[in-house]
Structure formats: C-alpha cells, structure tokens
2 protein chains.
Amino acid sequence: MTARSAADIRRGNLFEVLRRVSVGGPLSRQDIVTASSLSMATVASIVSELIQLGLLTESETVRRATGRPLTRLTVNPAFGLFIGVDVAETYIHASLFDSAFDARAEEHMAVVDPVGDPAGVVQQIGELVRRLSDRANGDQVRGVGICVPGLVDDADGVSVFAPNWAWRQVPVRRMLAEQFSHPVHLDNPLRALVVSELWREPGLGGKNLAVVNLGTGVGAGLAFGGDLYRGTSNSAGEWGHTTVVLDGWACRCGSSGCIEAYVGAPGLLRHLQEADPGHRALRLGQTEAITELARSFSAGDPAAVAAVQAGGRYLGAGLGSLVNVVNPDAVVLVGWVSDLLGDALLAAARHDAESHALVRPLAAVDFSVRSGVGNPVARGAATFALEAALTHDHTEGTR
Amino acid sequence: MTARSAADIRRGNLFEVLRRVSVGGPLSRQDIVTASSLSMATVASIVSELIQLGLLTESETVRRATGRPLTRLTVNPAFGLFIGVDVAETYIHASLFDSAFDARAEEHMAVVDPVGDPAGVVQQIGELVRRLSDRANGDQVRGVGICVPGLVDDADGVSVFAPNWAWRQVPVRRMLAEQFSHPVHLDNPLRALVVSELWREPGLGGKNLAVVNLGTGVGAGLAFGGDLYRGTSNSAGEWGHTTVVLDGWACRCGSSGCIEAYVGAPGLLRHLQEADPGHRALRLGQTEAITELARSFSAGDPAAVAAVQAGGRYLGAGLGSLVNVVNPDAVVLVGWVSDLLGDALLAAARHDAESHALVRPLAAVDFSVRSGVGNPVARGAATFALEAALTHDHTEGTR
DNA sequence: TGATTAATTCCAATGGTAATAATAACCCGT
DNA sequence: ACGGGTTATTATTACCATTGGAATTAATCA
C-alpha cells in the first residue's frame, strides 16, 4: 500500500529511471527496460518527461550490426546543483553536488558550541551553505538537504527533538531562511544513509535493505521493497538500542545493555580499556582514539585485537538479530567508525552473526562494508533535495 | 513500491473495501469513503464488482431527514465457505468459516506421530478437512488455507523446511490433492497471524504492525503500510531469536540467549523451576504446566509470580528492541501462552519495555493482548484462501 | 422549487500490452 | 555496383483498465 495512486507509482518510476541513468552511465531506453522491471512504454514516457525537465539529455547514437540505432541517455549535470549538509554532534559537513551526483566541493567545520545552541549551529550551517554557493560558478543551486540527528518534521521544517543537544521544536527552516533562499529539506541521518545507498546501487530497487551506521552512536536505516521505511513516528531503525545484554553496560540513552553501549566508539574504547587500561589510544580524543585503535589493530597489537574481537561479538549478535527480524537482502556498514574499522569489525562479528541468525535469513543476506563515498549522509541529504526539487517540477509540469 | 501497477492497487483497494464491510457491519458506500482513504468513484466501482462477484449484497435502504437515501452493504455469507488449518507441533486445528468470517465449525486433533511423518500428518489434515466439508450443509467450500511452521512456498505448494519435524521439500499440495479437491493455499503461521489481525481491525490498513506470537516458540509477524511483510526469503519476523543475553540460555535453534529461550513455554517453566524446583506444575506436560502456572499466578503463588516476573523482564527487553527497530503503531500479543498468561506477562514486561524503548517509538506504539478470536492462525489461513479465491475470480472476471 | 445527501459519470493522468513506426546493415539478383 | 527486399533492433503510438477529482444525476423531504 506504499503507492496508493497512479501518481505515486509515476513518481517512484521516475526516480527509478533517473537512478539507473545516474549510476549506470549512458544507457539507452532499452537498457533501462532490461535493468528495471518497467515496460518500454513507461520508460519512453518517463524519459521524455525527464528530457523535457532538462535532467536527461540524449548523448550519443550508436549503430550496431543490425537494427535501429540506439540513443544513449545521460544525466545533464547542468540541470542544477544540490547541497547536502550532515550536522553531527561534533562537526558539520557540507557537500556540493551537480545533478549527476559528482561532488563538486566540500566544506567541513567543527561545531564550536558543545551544547549546540540552535542559533549558533544554524549560523554555522548557513555559513557552509554560503561558502559552497560561492563555489557554484554561476550554476544554479536548486536545493539544500540538511540532516539533523533525532526526530525531524520536514513538512514544517522543524527539528522536533535532537537528543545530543536537547533541541526541542527548533524551526530550522525558518531560521535558515534568513541565511539563504534555497529550498530546504530537513531529514534524519539514518534516512539519508538509506537513500544514499539506494541511489548508489540501483540494483537495490525492490530489495530489502538495512544500512548500519557505526559512529559515536549506532543505528540502522531500513528500506523495504526499495522504499525508505520511516516507521510510524519517523524513527524506525533504532537498532543501536536493541538489548543485547539484559542489565548490561549503561547506554547514554538511559537504558542498559544496548548494542550501542558495546559497539559505539565509546564502547569500543571501553573494550580496549578492559584489555589494556594503559593503552596509548585511551589518552586521545575519541576520533583520534578510534584512529589509533585501527592503526594498532592493523599492527597486530594484542589489546587492539582483543577490543575489536570483543566489540565484534556484540556487533555480530546484533546483526544476527537484525537479520532475523528484517530478513533483508543486504546489510551495509557505513559511518566513520566503519570507515576506520569496518572490515575488522565485520570479520570479528561474522561468526556470531552467523551463529545467532537463522539459516534462511542468513542465506538470503549479504553483509558488506561501504567505503569511499565521501560523506554518505551529506550525499543522502542532497539526494533528498533533488527528490524534493524534482517532485515539485514534476507536479508543476503536469498542472 | 509494494504496488507497482494499477492492478496491484486495485487488488489492495478491493480487499480494503471488503475488510471494512466484513468487520464494520452494514456500511453505505459513503461510510466506506470516510473510513478509508479511497474516493467515492473508486468505492463505487469496487462495490459494483464485489456485488457482481456475489460477495456483497445491498442489504437495506435508509431514509434520513433529508437527502438521498443510502443503501447499506453486507457481506453475503452464502458466497462460499473457507477452511483454515493450523498445523502446529503437537496439534492440528481446523476451522470452517463462511465468507462473512463467522466460524461455522471447528475440529481439533493431536498429532499422532511425534516425529511428524509427512504422509501421516497430511493424512490427518485431509481427515479434518473432510470432516468440516461434511458439515458445510451443501454450501460450497471455495478454498482451504493451511499453515505449516517453517518456510513454505505457496506457488509450488511445498513445505520447503519445517524445523520441528525436519520436513524437507514436502509437496503438501500435491499430496492433499489425493484427499480432497478444494484449492489449497499454503503459508506460515506468523504470516497468518498478521492477516488475521489486519482483517479483524480494518483500521490497521496503512499502519505498521507487529503481531507477537507466544507459544512453545515465539516469533512475530510484521505488516508495513497495512501490507504483510514477508522479507527477502519469506522468513521475516523471527524476533524470537533476537539475542537478549549474549551467551545466555541455550535455545532450541542451536544458538543461545534468544528471547525464545526465556519467554517460550519451556523458558517460562525454567524460570518457575529456578523459583521453586518442586513446583507441582513442573510435573505436568507442557500445555498443562503453563495452564497450572497461570492458575498459580492468579492465586498469588509466589513462585509463579516470580516466574512470570522473570519471563516478563526478557519479554519486555525484547518488545522494547522490536519497537525501536520497527517503530510500529501497534504490537499485539497472541498465541496459546498469551491466551493463558498474556495479560500477566505484558504487565510484567511493560516496565522493561518502556525503559528499553526510546521515547519516540514508545510514544507511537500501543501494546495489547488479543484474545477471544478462537484460533487466529486458522482464521488467517482461511483468509489467505479467501484472498486467493477472490484474486482468481477477480482476474478471471476482467478477462 | 430548493436543499441536502448519495451515487454515478466524465475527465485527465498513468501503466501495461500489443501493434506500429523508424532505421540501418545485410542479402540477393541483376 | 546498385537497388529493393529482409531482418533485427529500438522507439512510439493506440488502446484498455485503473484512480481521484469535478461535475452531474438521483432521490428524498421541507
């Protein structure tokens, strides 16, 4: 019942076609038909609309030994630019993409106020967006996507609740309107990770997916049938607070025994401390400590190996449980801790994941670590902005 | 992307209308429009098709003070009968429903062969179906739905894998064809529980739902957006094997620390044994033991109260985790253990569920115990049969 | 006749199927 | 060597079923 009307289906199919071309390079209409489950008629109609909107262009015509020549389609990077902003607890990262989703520029900033006063943070967001806009070389910025932790309400443009800073009902969009005039889409990082992955791997269309984020906190974003799943209160996927040890380590959520307490960055460092209380990584700040942990692990440092093994056990049990409930096609690990330690953690987790998961769900799932995409939250945020802009143009066009 | 074509939407809307009328008693087309999110045109078109198929009848015309009189619609119970069969580890339960889903008759049988030889079990199923058919009073039986634990493949009519009996690729439909000639739909009990609940509470259309089954084993069935979610390998919802204590009690799945090990019937009895090794319930068979546990609990027996409290803690942690990941509108407890102890267990679980779940998902969810529906698996199985018959008639009709 | 509510009909948009058009290499006969 | 027919492949068009919304018709009473 996700799609309730013909218009919903149209919208989904439109994005499907765009994703295919965006990732798969130049494609003919025929290529899209074979790759997707759409009919030729539908593809032709959607392509003609996307060309009319200026998002696709016919790039080349190819003659084969026989038959009518095919015309290949490309995303037109000049359609416009999109900015994605990842507002995290300690930093704000912003990326500028063209419509073909090539990153044009990036900006990074530490959050100056540790308490996260809304006015100050919004000021910083505005600064980053302005800097990137200045680097647009005259191309039009058509939208800005912003991801803030916690619960957000895009319709109202409000951050309803951000746990780390105790934000309540912060009207982000209204406040940003004084900083710049681009349309703003507000969302949550876990959702952004999912759309980032869905646009990156168009083969995931129609599939069930869990994107697991490993960072200071841990969580998962879910997609069912190729569609982002938000849950009833837009907060689905809080897998990091699955109880893995009843009455176990305290978690910053206030409960105890959560996966996050054992696998989040502080949890990994606690494992390290238990293995070697005097380990040099423990004297560093969190980011540097995890970097050092990764370096020590690679060097074969026994305490680092023990810490990763310990963390991996809990991660494995948690992944097994997730796979049992969700029964996905793919589980993808992302996040800054995953960038540094993902392969090691997944290797350490695999045995427990496989022993805790049931045979059938386990056989269906593919675990992997996603790396080298820059900041996937910023990318997903920009994708939201593109989707919003396109929905707008699309519905305007048919009026 | 659940619905990819107009036909899928039509099918979903058709069931939506039928569910509304089936549960909500006589309804006018207007009533259906206001209750559902369908347009008047769609409702009118679907109603006329359902009348043509013989499933709905215009039952009465009502004049109000002003305006055109309305005509109320009722499900025509004479459309046909459906049989649902719940094949469990120790018993087989079969129910006969008319198309308005009033139960006409029930049959129950213990599984004679503890090893569950396929031929013998199928023979028993056939016997029950024949007995119910004999009680149809000449009305046509239009379909039989059968639920077998484990993984089933309805398209081929095969039980791919049943854990308790070590069934492998048992061609149930083909074997049953020698017993009776009604169309057979094969499915899994957890899925049946979901459709049973969705048809019972039409307000759940479009909602996210988890149906938690408490029995010898425990598990959950999921629905997203009002649609049954099967997962990638038709095995989603194996929440009973979520790890709640790393390296905890052994579970019959081969792993350890699963919720099922602590909350399934054997787990509850183990809690009882830890509280009072000589408790009289422990000398009984499982079903009688749980019945006795429930009776002792009601009588205030300290050991029974302690056992329920202990089990409830694990159930609560598990429910909290489920709510965090799935973020559903409703969690409904069903199953034979739930029938006996559901209210007590839920009360004992509530505190832990609320402390382990995050604020937002917790605020969105409504926990409840469903009782008094007879055997909901059999009901769901019959619902599958109705859906199958209707899909068949519907597509035939438009040819 | 007007008001009011219920149900039907019409319309534009959409997707899928199937028929049709477009296009160019190849083949064959002259 | 050249021209027309053949064939293979790609893209477009026509047609039907569907939905939601708007306009219309239906049925009743004041």
Side-chain angles (χ1 to χ4, degrees), chain A residues 1-17 21 26-52 56 58-73 206 391 393-399, chain B residues 1-17 21 26-52 56 58-73 391 394-399:
Chain A
M1 296 237 183
T2 318
R4 299 200 67 83
S5 72
D8 297 332
I9 296 181
R10 175 69 166 192
R11 197 185 120 95
N13 289 347
L14 194 115
F15 288 140
E16 165 86 14
V17 168
V21 180
L27 290 178
S28 72
R29 293 166 176 80
Q30 209 53 266
D31 293 336
I32 299 170
V33 169
T34 47
S36 70
S37 57
L38 301 173
S39 70
M40 191 66 205
T42 305
V43 170
S45 144
I46 288 174
V47 163
S48 92
E49 178 173 352
L50 285 171
I51 288 176
Q52 221 242 308
L56 289 186
E58 297 192 330
S59 58
E60 53 175 339
T61 322
V62 177
R63 292 184 231 297
R64 295 271 185 68
T66 165
R68 173 171 172 172
L70 54 85
T71 51
R72 293 238 172 82
L73 302 157
T391 302
D393 286 12
H394 167 62
T395 46
E396 288 296 307
T398 56
R399 231 170 244 169
Chain B
M1 297 234 184
T2 319
R4 299 200 67 84
S5 72
D8 298 331
I9 296 181
R10 175 70 166 192
R11 197 185 119 95
N13 290 346
L14 194 115
F15 287 140
E16 164 87 14
V17 168
V21 179
L27 290 178
S28 71
R29 293 167 177 79
Q30 279 297 359
D31 294 336
I32 300 171
V33 169
T34 48
S36 69
S37 57
L38 301 172
S39 70
M40 192 67 203
T42 305
V43 170
S45 145
I46 288 173
V47 164
S48 92
E49 178 174 351
L50 285 171
I51 289 176
Q52 220 241 308
L56 289 186
E58 297 192 328
S59 59
E60 51 175 340
T61 328
V62 177
R63 292 186 227 300
R64 296 269 183 70
T66 166
R68 173 172 171 172
L70 56 85
T71 51
R72 293 236 172 83
L73 303 157
T391 302
H394 169 60
T395 46
E396 288 295 307
T398 56
R399 230 171 247 168

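A, B, ... follow the sequence lines: proteins, then strands. Residue 1 opens every chain.
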Colleague: Please figure out whether A:Ala6 or A:Ser28 has its closest DNA chain D nucleotide nearer the 5' end.
Modeller: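 On the 5' side of the pair lies A:Ser28.
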Colleague: Does a side-chain heavy-atom distance below 4.5 Å link B:Leu70 with B:Gln30?
Modeller: no
Colleague: Looking at residues at least two apart in the chain, or sitting in another chain, which of them share a side chain to side chain contact (heavy atoms under 4.5 Å, CB included) with A:Ser37?
Modeller: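 A:Ser37: side chain to side chain contact (heavy atoms under 4.5 Å, CB included) contacts with B:Arg4.
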Colleague: Would you kindly give the CG-to-P distance between B:Asp31 and C:dA6, to the nearest whole Å?
Modeller: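 To the nearest whole Å, that distance equals 8 Å.
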Colleague: Which of these nucleotides, C:dA7, C:dG15, D:dT19, is closest to any side-chain atom of A:Ile9?
Modeller: C:dG15
Colleague: For A:Ser39 and A:Thr42, which heavy atoms make the closest approach, and how far apart are they?
Modeller: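 A:Ser39 and A:Thr42 have their closest heavy atoms at OG-OG1, 2.9 Å.
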Colleague: Quantify the bending of the helix from C:dT1-D:dA30 to C:dT30-D:dA1 as the angle between its end axes, each fitted on five pairs, to 10°.
Modeller: 50°
Colleague: What nucleotide, of C:dG16, D:dT19, C:dA3, holds the atom closest to the side chain of B:Thr66?
Modeller: C:dA3
Colleague: Below 4.5 Å, heavy atoms only, C-beta onward: do B:Ile32 and B:Leu73 meet side chain to side chain?
Modeller: yes
Colleague: Using whole Å, what does the distance between atom C1' of nucleotide C:dA7 and atom CD1 of B:Ile32 come to?
Modeller: 12 Å
Colleague: Could you give the distance from CE (B:Met40) to OG1 (B:Thr34), rounded to the nearest 0.5 Å?
Modeller: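 Nearest 0.5 Å value for the CE-OG1 distance: 9.5 Å.
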Colleague: Polar atom pairs between nucleotides 12-14 of chain D and protein, under 3.5 Å, N or O only, would you list them?
Modeller:
unit_1: D:dT12; atom_1: OP2; unit_2: A:Arg29; atom_2: NE; d: 3.4

Colleague: It should be established whether B:Arg10 places a side-chain nitrogen or oxygen under 4.0 Å from OP1 or OP2 of nucleotide D:dT19.
Modeller: yes
Colleague: Distance only, no hydrogens: is a donor on one side chain within 3.5 Å (strictly under) of an acceptor on the other, for A:Arg29 and A:Ser48?
Modeller: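 No.
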Colleague: Within a strict 4.5 Å, meaning less than it, do heavy atoms of the A:Val17 and A:Asn13 side chains meet?
Modeller: no
Colleague: Whole angstrom is fine here: how far is it from CD in A:Gln30 over to C1' in C:dA22?
Modeller: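 Rounded to whole Å, this separation is 13 Å.
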Colleague: For A:Asp8 and C:dA13, what is the distance between atoms CG and P respectively, to the nearest whole Å?
Modeller: 17 Å
Colleague: Take atom CG of B:Leu27 and atom P of C:dA6, then tell me their distance rounded to the nearest Å.
Modeller: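 Going from CG in B:Leu27 over to P in C:dA6 covers 13 Å.
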Colleague: Using the side-chain heavy atoms of B:Asn13, tell me which of these nucleotides is nearest: D:dT19, C:dT17, D:dT28.
Modeller: D:dT19
Colleague: Using whole Å, what does the distance between atom P of nucleotide C:dG15 and atom CZ of A:Arg11 come to?
Modeller: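 Rounded to the whole Å, the gap is 14 Å.
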Colleague: Between C1' on D:dA17 and CG on B:Leu14, what's the gap in Å once rounded to a whole number?
Modeller: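 Atom CG in B:Leu14 sits about 14 Å away from atom C1' in D:dA17.
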Colleague: Starting at CG of B:Leu70 and ending at C1' of C:dT8, how long is that distance when rounded to a whole Å?
Modeller: 16 Å
Colleague: What closest approach, in Å, do A:Ser45 and A:Arg10 show between heavy atoms, and which atom pair accounts for it?
Modeller: OG-NH1, 2.8 Å
Colleague: Just how far is it from atom CG of B:Leu38 to atom CD of B:Glu16, taken to the nearest 0.5 Å?
Modeller: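 Those atoms lie 5.5 Å apart.
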Colleague: If you assign A:Thr71 and B:Leu38 each to the DNA chain D nucleotide with the nearest heavy atom, which residue ends up on the more 5' nucleotide?
Modeller: A:Thr71
Colleague: May I ask you to evaluate whether A:Ser39 reaches the phosphate of C:dT17, defined as a side-chain N or O under 4.0 Å from OP1 or OP2?
Modeller: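 Indeed not, no polar side-chain atom of A:Ser39 lies that close.
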Colleague: Are B:Thr61 and B:Thr71 side-chain neighbours, meaning at least one heavy-atom pair lies under 4.5 Å?
Modeller: yes
